[in-house]
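Here the structure is laid out as structure tokens; the discussion comes afterwards.
The shown structure was predicted, so the numbers you read here are calculated from the model rather than taken from an experiment. Each chain gets a letter, A, B and so on, in the order its sequence line appears, and its residues count up from 1.
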Amino acid sequence: MAATAELLEPATGDIPAYQLRSPNSGLAQSIVMAASPSSMESPSSQHAEEITRKREVRLMKNREAARECRRKKKEYVKCLENRVAVLENQNKTLIEELKALKDIYCHKAE
DNA sequence: CCTAGGTGGCGTCATAATCG
DNA sequence: CGATTATGACGCCACCTAGG
């Protein structure tokens with residue numbers, strides 16, 4: 001199931017699906033905003049634009065933070081799974097060792 | 001085929017944790 | 001202590017698969 005993300009990448013080049021899909025957020029909109037001529041706008045609309053821009057920046061940062069957070073979490077889980085495997089092996093080995101020692105001890109007692 | 005259910009990834013919001 | 005960052009929770013979408 002690990003290939004899902006890759007499969008989701010559309011045939012539209014480097015832009016991931018989620019950036020194309022999301023209707024009201026993302027890079028496309030902020031680029032449009034930045035391109036609009038702000039010099040001939042009223043102070044209030046400039047202020048609104050500033051608020052919108054700040055929101056876009058905040059959302060973009062949080063989007064990246066969430067992605068990073070998920071990546072770290074997956075890595076952590078993988079580490080735990082590795083550790084489980086190692087400990088299971090150790091456990092198996094120790095059980096075998098104990099069994100062998102018991103055998104030796106029993107034969108000595110005879 | 002079709003479809004219901006499961007899975008994984010994403011963006012967003014709310015809020016906890018950390019930083020300066 | 002306010003600003004910034006990290007994370008849990010939620011809802012959405014795309015994909016896969018077993019079963020009808």
Side-chain angles (χ1 to χ4, degrees):
Chain A
M1 284 298 100
T4 311
E6 283 73 16
L7 290 175
L8 280 175
E9 303 293 326
T12 49
D14 293 327
I15 307 165
Y18 57 84
Q19 281 179 6
L20 292 173
R21 218 192 302 128
S22 58
N24 216 9
S25 69
L27 305 171
Q29 198 191 20
S30 47
I31 288 165
V32 168
M33 297 288 296
S36 67
S38 59
S39 54
M40 49 193 295
E41 285 174 9
S42 70
S44 68
S45 78
Q46 275 185 14
H47 181 246
E49 205 174 276
E50 176 69 3
I51 288 174
T52 306
R53 193 188 62 79
K54 279 185 175 172
R55 176 183 153 79
E56 292 298 333
V57 168
R58 182 169 52 76
L59 288 181
M60 195 175 79
K61 279 187 176 177
N62 187 242
R63 201 177 300 140
E64 273 158 27
R67 224 175 284 156
E68 175 66 7
C69 184
R70 285 170 182 138
R71 191 193 62 74
K72 276 166 64 183
K73 189 174 182 178
K74 270 178 79 175
E75 199 176 293
Y76 173 68
V77 168
K78 212 178 274 180
C79 274
L80 285 182
E81 286 170 347
N82 261 347
R83 187 159 162 69
V84 166
V86 166
L87 290 175
E88 277 175 351
N89 271 339
Q90 268 183 23
N91 199 33
K92 211 182 283 178
T93 305
L94 287 172
I95 286 172
E96 289 300 316
E97 204 177 314
L98 178 62
K99 205 173 133 193
L101 288 173
K102 275 181 176 173
D103 260 14
I104 292 171
Y105 178 77
C106 282
H107 287 124
K108 231 182 182 177
E110 280 170 10

Under-4.0 Å side-chain N/O to phosphate OP1/OP2 contact, A/R63 with C/dT5
no
Working to the nearest 0.5 angstrom, can you tell me the gap between A/E64 CD and A/L59 CG?
11.5 Å
Would a 4.5 Å heavy-atom cut-off, applied to side chains only, mark A/E56 and A/M60 as touching?
no
Check every strand shown and say whether A/R55 touches a base, only sugar-phosphate, or nothing at a heavy-atom separation below 4.0 Å.
sugar-phosphate
How many Å lie between CG on A/L59 and P on C/dT4, as a whole number?
15 Å
Can you pull every protein N or O that's under 3.5 Å from an N or O on nucleotides 6-11 of chain C?
{"from": "C/dT7", "atom 1": "O4", "to": "A/N62", "atom 2": "ND2", "distance (Å)": "3.0"}

N-O pairing of A/R53 and A/E50 below 4.0 Å:
yes
Around atom CZ of A/R71, are there more than 12 heavy atoms from other residues, nucleotides or ligands closer than 6.0 Å?
yes
Would you call A/E88-A/K92 a salt bridge at under 4.0 Å N-O?
no
Spacing between A/K61 atom NZ and C/dT4 atom C1', to the nearest angstrom
7 Å
Could you go step by step and tell me if A/E68 and A/K72 meet the side chain to side chain contact (heavy atoms under 4.5 Å, CB included) rule?
CA-CA 6 Å; A/E68 175 66 7; A/K72 276 166 64 183; 3.9 Å; yes
C/dT4 phosphate, OP1 or OP2: any side-chain N/O from A/R58 under 4.0 angstrom?
no
